[in-house]
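These numbers come from a predicted model, not from an experiment.
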Amino acid sequence: MRINKHPILNFEEGETVSFVFGGQRFEGKAGEPIACALHAAGVKILGHSHEGRPRGLYCAIGNCSSCLATVDGISNVRICVEKLREGMVVEMQEGKGLIRI
């Protein structure tokens with residue numbers, strides 16, 4: 001199920017793009033939040049807390065930390081508000097993520 005309307009976020013439905021999540025290729029609409037593309041593809045678990053509990057889409061406006069993921073090597077990206085682009089590599093983030101120097 002694709003999220004098309006949201007009380008706070010505006011969605012621009014762009015062209016279909018491909019991206020990778022957890023080593024698997026997915027498709028979504030350019031410009032939509034990454035989490036929305038994953039939700040449309042049936043992915044509900046986006047990562048795990050530092051205690052190992054599964055995390056998923058919660059607030060969908062970038063206020064909580066339930067959707068933190070590693071995007072193109074950058075940890076702690078809130079994928080509920082990060083816009084999807086062609087070729088992105090998104091990884092589930094375990095706990096607090098890694099800081100790469």
Do the side chain of [X] and the main chain of [Y] share a donor and acceptor less than 3.5 angstrom apart?
| X | Y | value |
| --- | --- | --- |
| Gln93 | Asn76 | yes |
| Asp72 | Met88 | no |
| Arg78 | Ala69 | no |

Discussion item. One pair to check against side chain to side chain contact (heavy atoms under 4.5 Å, CB included): Glu27 and Val17. What are the steps and the verdict?
Written reply: CA-CA 6 Å; Glu27 289 186 341; Val17 296; over 6 Å; no
Worksheet item: Would you say Pro33 and Val81 make side-chain contact, with heavy atoms under 4.5 Å?
Response: no
Worksheet item: Within a strict 4.5 Å, meaning less than it, do heavy atoms of the Met92 and Phe21 side chains meet?
Response: yes
Are [Y] and [X] linked, directly or through intermediate hydrophobic residues, by side-chain heavy-atom contacts shorter than 4.5 Å (ILVMFWY only)?
| X | Y | value |
| --- | --- | --- |
| Val20 | Val71 | no |
| Tyr58 | Ile79 | no |
| Ile74 | Val90 | yes |

Worksheet, complete the sentence: Heavy atoms of Cys80 and Ala35 approach each other most closely as CA-CB, 3.8 Å
Worksheet item: What distance separates Cys64 SG from Arg55 CZ, expressed to the nearest 0.5 Å?
Response: 9.0 Å
Worksheet item: How far does CG of Leu84 sit from CG of Leu38, to the nearest 0.5 angstrom?
Response: 8.5 Å
Worksheet item: For Ser18, which residues count as a side chain to side chain donor-acceptor pair (under 3.5 Å) partner, sequence neighbours excluded?
Response: Arg25, Glu86
Discussion item. Using the rule given for side chain to side chain contact (heavy atoms under 4.5 Å, CB included), can you reason through Arg53 versus His48, listing the C-alpha separation, both sets of side-chain angles and the distance that settles it, and then say yes or no?
Written reply: CA-CA 5 Å; Arg53 292 186 311 258; His48 294 87; over 6 Å; no
Fill in: Evaluation steps, side chain to side chain contact (heavy atoms under 4.5 Å, CB included), between Glu82 and Ile34
CA-CA 6 Å; Glu82 184 72 22; Ile34 299 166; 3.7 Å; yes
